[in-house]
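Protein chains get the first letters and strands the later ones, always in sequence-line order, with residue 1 at the start of each. What you see below is based on every heavy atom in this structure, not just the backbone, and it leaves out hydrogens, waters and symmetry mates.
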Amino acid sequence: DQQVKQNSPSLSVQEGRISILNCDYTNSMFDYFLWYKKYPAEGPTFLISISSIKDKNEDGRFTVFLNKSAKHLSLHIVPSQPGDSAVYFCAASERNYGGSQGNLIFGKGTKLSVKP
Amino acid sequence: DAGVTQSPTHLIKTRGQQVTLRCSPKSGHDTVSWYQQALGQGPQFIFQYYEEEERQRGNFPDRFSGHQFPNYSSELNVNALLLGDSALYLCASSLASLGRDWSGNTIYFGEGSWLTVV
């Protein structure tokens, strides 16, 4: 049973427009959420994260929104650029007993294509 | 500052064989996690090593084992390879976060080792 779901395998957006990538989760114990970007033949690269005590985190063109009641988060990229074309993974984590952060649970990813 | 390095980058093995993958964490990091990414899937957690001990384990059979050395580098061993073990194996390094703020931006992934089992 998937605890983190990305229901859109792909998304195509025009350059300059907004890209919105969605992610749903089922485990209410998750307390940290992250977005990773992955190019072919490279490892995932950290993009942005959000703690469960917040509902928004912004870093330049990237903003992550968290709706805890709906167990839903989204990544907004504005404006989208062709270099943003990659696979985006949503991931979640919960604290272990003792306070250390647990392992990451990933979604299946969404392939974003930004067309010039 | 070298990031996370993994070796080999690609390898082909035959069913039933054994494989060892290696990982050197980012300088200053003391925790190594291994993930398996099958085609079309997200990375799946295999296990995590800290202070040379397995601290957490995901839902993988005992054929998957690991080791962490005093210099924090790590190995992933897979015995009795199956066709379904064909995947990208990712190593991630981080700092133990006991009692510290954790913002997620301290986890670094290597480029991975592509394993093909034929």
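Criterion: ILVMFWY side-chain heavy atoms under 4.5 Å apart, direct or through other members. Under it, B:L95 and B:V32 are not part of a common hydrophobic cluster. Residues B:W114 and B:L81 fall into different hydrophobic clusters, defined by Ile, Leu, Val, Met, Phe, Trp and Tyr side chains chained together at heavy-atom separations under 4.5 Å. Taking hydrophobic clusters as Ile, Leu, Val, Met, Phe, Trp and Tyr residues chained together by side-chain heavy-atom distances below 4.5 Å, A:L73 shares a cluster with A:L75.
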Show every donor-acceptor pair shorter than 3.5 Å between a side-chain atom in residues 61-68 of chain B and any protein atom, with sequence neighbours excluded, or say none if there are none.
residue	atom	partner	partner atom	Å
B:R63	NH1	B:N79	O	3.0
B:R63	NH1	B:A80	O	3.2
B:R63	NH1	B:D85	OD2	2.8
B:R63	NH2	B:D85	OD1	3.1
B:R63	NH2	B:D85	OD2	3.4
B:Q68	OE1	B:Y50	N	3.4
B:Q68	OE1	B:E51	N	3.3
B:Q68	OE1	B:E52	N	3.0
B:Q68	NE2	B:D30	O	3.1
B:Q68	NE2	B:Y72	O	3.2

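Within 6.0 Å of the CG atom in B:N59, the count of heavy atoms belonging to other residues, nucleotides or ligands does not exceed 12. Open room surrounds CZ on B:R15; 12 or fewer heavy atoms of other groups in view lie less than 6.0 Å from it. Within 6.0 Å of CG in B:L83 there are more than 12 heavy atoms belonging to other residues, nucleotides or ligands.
Closest heavy-atom contact between A:F89 and B:Q37: CZ-NE2, 3.2 Å. The two residues B:G110 and A:P44 come nearest to each other via the heavy atoms O-CD, 4.4 Å.
Side-chain contact between A:N103 and B:F47 is absent, with no heavy atoms from C-beta onward closer than 4.5 Å. When side chains are defined from C-beta on, A:Y39 does not count as touching B:E111, because their heavy atoms never get closer than 4.5 Å. Within the 4.5 Å cutoff, the side chain of A:Y36 has heavy atoms near those of the B:I107 side chain.
In this structure, CD on A:E42 lies 14.0 Å from CZ on B:F109, to the nearest 0.5 angstrom. Distance CG/A:L104 to CD/B:Q44: 13.0 Å, rounded to 0.5 Å.
For A:R61, the side-chain contact (heavy atoms from CB on, under 4.5 Å) test picks out A:I77, A:P79, A:Q81, A:D84, with sequence neighbours left out.
Looking at A:A41, only its backbone comes within 4.5 Å of chain B, counting heavy atoms on both sides. With a 4.5 angstrom heavy-atom cutoff, A:K38 touches chain B only via side-chain atoms.
For the pair B:Y108 (side chain) and A:F46 (backbone), a donor-acceptor distance under 3.5 Å is absent.
In this structure, B:F45 has its ring center at least 6.0 angstrom away from the ring center of A:F106.
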